[in-house]
Amino acid sequence: MEILLKNGSLELEDGASCLAAAQKISEGLARSAVAAKINGELCDLSATLKAGDTLEIVTLKDREGLEVYRHTCAHILAQAVKNVYPTCNLAIGPVIENGFYYDIDFKTPITLEDFAKIEGEMLKIVKANTPIERFELPRAEAVKLMKKYKEKYKVELINDLPEDAVISFYKQGTFTDLCRGPHLPSTGKIKAFKLTALTGAYWRGNEKNKMLTRIYGTAFEKKSQLDEYLIAAEEAKKRDHNRLGRDLGIFMTSDVVGQGLPILMPKGAKILQILTRFVEDEEAKRGFMITKTPNMAKSDLYKISGHWAHYRDKMFILGEVDKNGESPKGEEIMALRPMTCPFQYQIFKNGLKSYRDLPCRYSETASEFRKEASGEMHGLIRIRQFTLSDGHIICTKEQVEDEFKRCLDLSYYILDALGMRNDVSFRFSKRGKSKSDKYIDNDEAWNKTEAMMKVILDDLKLDYVEADDEAAFYGPKLDIQAKNVYGKEDTLITIQIDFAAGESFDMHYVDADGVKRHPYVIHRSSIGCYERTLALLIEKYAGAFPLWMCPVQVKVLPITDRTLAYAEQVAEKLTYAGIRCEVDKRNEKIGYKIREAKLEKTPYVLVVGDKEAEDMTVNVNRRGVEEKSTVALQEFMAKVVEEDAKKIIF
RNA sequence: GCUAAUAUGGCUCAGCUGGUAGAGCAGCUGAUUCGUAAUCAGCAGGUCGCCGGUUCGAAUCCGGCUAUUAGCUCCA
């Protein structure tokens with residue numbers, strides 16, 4: 001029979017396997033093959049071919065090949081765990097970005113110390129080089145088999161498979177696991193693996209279900225690649241803002257202040273001030289009106305906005321309330337604001353608006369408060385009080401598209417200045433099919449707004465992923481996502497269209513035809529949450545920020561006390577020119593001072609000695625540049641001022 | 001909130017199976033006045049996160065709380 005390849009064709013015996021095909025092409029290919037694709041479908045190497053099939057051999061060079069490899073490793077982990085702890089129950093064991101995990105229900109909890117034992121058992125399974133065989137069963141038989149092995153989670157999985165699903169199993173020696181596959185032909189193919197973490201995870205991702213034990217691991221083709229990966233992961237941790245930010249004196253936390261309440265120290269506060277001024281000025285240039293609204297309000301406001309019904313458990317409430325959110329004593333209840341929207345709406349409602357007043361663009365550097373669950377806090381990324389560049393554009397239906405695009409343009413501009421434009425991805429966060437009570441109940445509004453946003457996003461040719469059940473309680477969002485050093489993704493910036501607020505807040509404007517109409521609202525952030533953005537900046541630059549956002553741009557180091565006066569004179573001139581600088585006045589050797597200034601990642605270090613003092617020059621050490629140069633102080637100042645204004649990203 | 005781990009001077013960490021704390025860096029003092037990533041010496045600094053329990057005796061064992069970290073859930 002004839003089999004089609006990417007380039008050319010192959011003559012094989014009837015019923016030949018993919019592996020046989022690979023062997024016919026070359027022995028080398030057969031050795032490196034891990035799976036195959038028949039007519040584009042990923043399958044085992046043992047899968048048989050039919051005349052006319054298109055065949056592609058998958059190796060570890062392919063992403064899918066590595067996934068098959070890691071998935072097989074997950075099965076080896078499962079088998080090893082079953083060997084060591086026969087009473088445990090297996091749940092699921094998928095491949096993830098950098099490896100795999102397996103969720104397991106242990107009768108008695110295991111610890112990290114048990115990893116050695118499990119890894120040892122895995123090694124035995126690999127060394128035994130057991131063949132891995134696929135077989136299929138009808139549903140009833142499949143359930144029976146898993147019941148025999150007392151795998152209750154697998155039984156549940158089988159029962160939830162669609163009616164027409166093929167139910168397949170993989171058997172390696174005495175171990176059999178429910179799995180769609182494909183897998184490697186035998187366990188001996190695994191060369192380098194390691195178990196990396198031990199955590200908990202809810203069965204089926206639902207917090208109402210039992211929490212299982214999740215074992216994370218990874219596997220590579222070669223030991224050297226595994227080592228490289230582990231070292232890279234260690235290196236990434238050194239950039240972790242939560243460590244670096246503290247080391248560099250950017251922020252701290254205090255037990256007595258509380259969880260999720262970071263304290264920004266002078267350097268961190270300075271960076272935020274620089275970013276805030278930049279953003280507020282840019283917003284003003286783009287027609288935003290700055291507002292300053294209260295940090296708290298009566299529950300009455302949140303009842304109108306829907307927060308009281310949909311968001312109350314995440315709010316800090318001042319005063320005693322019952323489970324319906326009412327004061328048992330009939331007192332006035334205040335709450336810290338989790339968002340700025342309802343406050344800015346009050347400004348719009350102040351006085352009758354004409355269509356000529358629209359779009360009405362409000363923005364504010366707002367402190368917001370959200371009672372995140374205790375386990376959810378993380379450094380500066382997830383906190384309970386944060387500063388959001390929060391704004392609302394109140395406009396006509398016709399203006400929505402243009403205003404939305406302007407919001408995105410502003411965010412692009414800011415991301416460019418931060419050097420982060422290429423670090424983000426886009427998510428269209430919809431309610432989608434999910435209709436839980438966490439969303440405002442208005443199908444028409446949801447459908448209409450989601451459709452409207454999709455048209456805009458498609459028109460912008462944005463490369464976005466759609467995500468159901470990720471919307472805000474009041475509407476869909478365009479989320480601009482960024483990843484931290486651990487690869488965990490968070491929302492940096494969000495732009496949202498709200499179609500219901502006009503009506504629920506009774507906002508209106510008088511249109512050209514004299515009719516009162518409800519406006520549309522765009523909720524948006526330009527730079528996102530300052531603390532979170534700062535966290536990602538620390539990690540991106542490993543603390544070596546672009547000049548314009550450095551809390552200390554220049555450090556002046558006198559060589560001896562003789563030139564201290566000159567150093568101070570230099571610093572005074574720099575400060576007067578708007579350059580942020582410090583003088584290291586300590587009586588230390590110049591090498592010592594340079595070392596410290598460099599560890600602090602100061603962009604410019606100026607060494608001043610007798611020579612420099614004599615002719616009003618400075619010896620310039622640029623961060624990351626080996627050569628040093630002596631230039632006139634005036635010249636240096638002009639250069640730094642220019643560089644600062646340009647917001648050059650290095 | 002859940003599953004786990006961790007908590008020792010400002011920082012990084014030692015302190016084995018319970019006998020009552022130690023180093024390096026930082027700090028302070030003195031000497032040194034030095035030309036590009038750590039000058040030398042001395043001093044000081046800790047009720048071992050907090051509260052309770054077991055014990056003749058707890059940094060060490062047990063419980064509770066607080067905080068931190070990874071993950072789950074959630075999310076700007």
Side-chain angles (χ1 to χ4, degrees), chain A residues 96 101 103 106 109-113 196-216 237 240 242-243 246-247 249 252-261 311 313-314 338-340 366 368 370-384 386-390 429 438 469-470 472 477 479-482 486 488-494 496 523 525 527-533 535 557-564 587-599 605-612 619-621 626-628 630:
Chain A
I96 50 171
Y101 67 77
D103 283 349
F106 286 98
I110 64 160
T111 69
L112 283 170
E113 278 143 36
T196 51
L198 181 69
T199 71
Y202 297 109
W203 166 234
R204 305 207 129 177
N206 186 332
E207 62 181 325
K208 292 191 178 69
N209 288 343
K210 183 168 186 187
M211 177 149 286
L212 309 175
T213 303
R214 177 171 293 180
I215 298 176
Y216 285 90
K237 277 185 200 161
D240 183 349
N242 212 354
R243 182 185 179 92
R246 291 170 200 267
D247 285 351
M252 56 170 284
T253 49
S254 159
D255 287 16
V256 289
V257 173
Q259 235 189 339
L261 299 169
Y311 211 81
D313 58 345
K314 296 199 78 174
M339 294 163 187
T340 320
E368 300 183 355
R370 298 184 192 175
K371 196 164 155 189
E372 303 293 349
S374 62
E376 286 163 1
M377 257 77 73
H378 172 64
L380 291 175
I381 285 184
R382 274 295 282 287
I383 53 184
R384 282 179 168 165
F386 57 93
T387 318
L388 191 71
S389 62
D390 203 354
S429 301
K438 63 181 177 179
D469 203 20
E470 289 286 353
K477 312 185 283 178
D479 290 324
I480 303 181
Q481 307 286 105
Y486 295 100
K488 182 166 174 154
E489 189 177 276
D490 271 299
T491 301
L492 194 60
I493 296 169
T494 179
Q496 309 160 2
H523 304 245
S525 180
I527 195 175
C529 159
Y530 283 92
E531 291 84 354
R532 178 177 290 182
T533 302
L557 315 183
I559 291 176
T560 69
D561 287 351
R562 279 200 307 284
T563 45
L564 185 57
N587 174 17
E588 292 289 352
K589 288 176 77 170
I590 193 66
Y592 182 86
K593 293 189 198 177
I594 285 179
R595 179 184 147 81
E596 283 210 345
K598 296 222 163 157
L599 286 175
V605 175
L606 302 182
V607 174
V608 293
D610 295 331
K611 277 187 286 180
E612 287 78 12
N619 181 258
V620 184
N621 293 238
E626 206 40 59
E627 335 50 281
K628 302 133 184 72
T630 299

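Reminder, nothing fancy here: chain letters follow the sequence lines and each chain counts from 1.
For D469(A), the salt bridge (charged side-chain N to carboxylate O under 4.0 Å, His left out) partners are K438(A), not counting sequence neighbours. Evaluation of the ring-ring contact (aromatic ring centres under 6.0 Å, His included) rule for Y101(A) yields Y216(A) as partners, not counting sequence neighbours. Remark: Y311(A) engages H307(A) in a ring-ring contact (aromatic ring centres under 6.0 Å, His included) (not counting sequence neighbours). With sequence neighbours left out, the ring-ring contact (aromatic ring centres under 6.0 Å, His included) criterion links F106(A) to Y85(A).
Taking atom CD of residue E372(A) and atom C1' of nucleotide rU68(B), one finds them 17 Å apart after rounding to whole Å. Between the NZ atom of K628(A) and the C1' atom of rG35(B) there is a distance of 11 Å, rounded to whole Å. Going from atom NZ of K237(A) over to atom C1' of rU68(B) covers 15 Å, rounded to whole Å. What separates CG of D561(A) from P of rU33(B) is a distance of 10 Å, to the nearest Å. Protein atom NZ of K210(A) is 11 Å distant from nucleotide atom P of rA4(B), rounded to whole Å. Taking atom CD on E207(A) and atom P on rC72(B), their separation rounds to 14 Å, with Å as the unit. Rounded to a whole Å, the CZ atom of R246(A) is 15 Å from the C1' atom of rU12(B). Rounded to an integer number of Å, the gap from CG of D103(A) to P of rU73(B) is 10 Å.
Which of rC75(B), rA37(B), rA76(B) sits closest to the side chain of C529(A) comes down to rA76(B). The side chain of R595(A) lies closest to rA37(B), out of rA37(B), rG35(B), rU39(B). Ranking rC34(B), rC2(B), rU12(B) by closeness to the M211(A) side chain, first place goes to rC2(B). Comparing rG35(B), rA67(B), rU73(B) by their nearest atom to the side chain of K488(A) picks out rU73(B).
Contact annotation for D610(A): base contact, defined as any heavy-atom pair under 4.0 Å involving a base atom. Within 4.0 Å of T491(A), counting heavy atoms only, lie sugar-phosphate atoms of the nucleic acid but no base atom.
Position along RNA chain B of the nearest nucleotide to V608(A) versus Y216(A) favours V608(A) as the more 5'-ward residue.
When the P atom is compared between rC13(B) and rU6(B), the two are found 14 Å apart, to the nearest whole Å.
Under 3.5 Å, the side chain of R370(A) and the base of rC75(B) form no donor-acceptor pair of N or O atoms. For rU73(B), its base sits under 3.5 Å from the side chain of E376(A) at one donor and acceptor pair at least.
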Distances for protein N/O vs nucleotides 26-28 of chain B N/O pairs under 3.5 angstrom?
unit_1  : atom_1 : unit_2  : atom_2 : d
rA26(B) : OP1    : Y592(A) : OH     : 2.9

Review item, nucleotides 40-49 of chain B N/O atoms under 3.5 Å of protein N/O:
none

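Remark: rC2(B) base-pairs with rG71(B). Criterion, Watson-Crick or G-U wobble with two distances under 3.5 Å. If you check rC11(B) for Watson-Crick or wobble pairing at under 3.5 angstrom, you find it paired to rG24(B).
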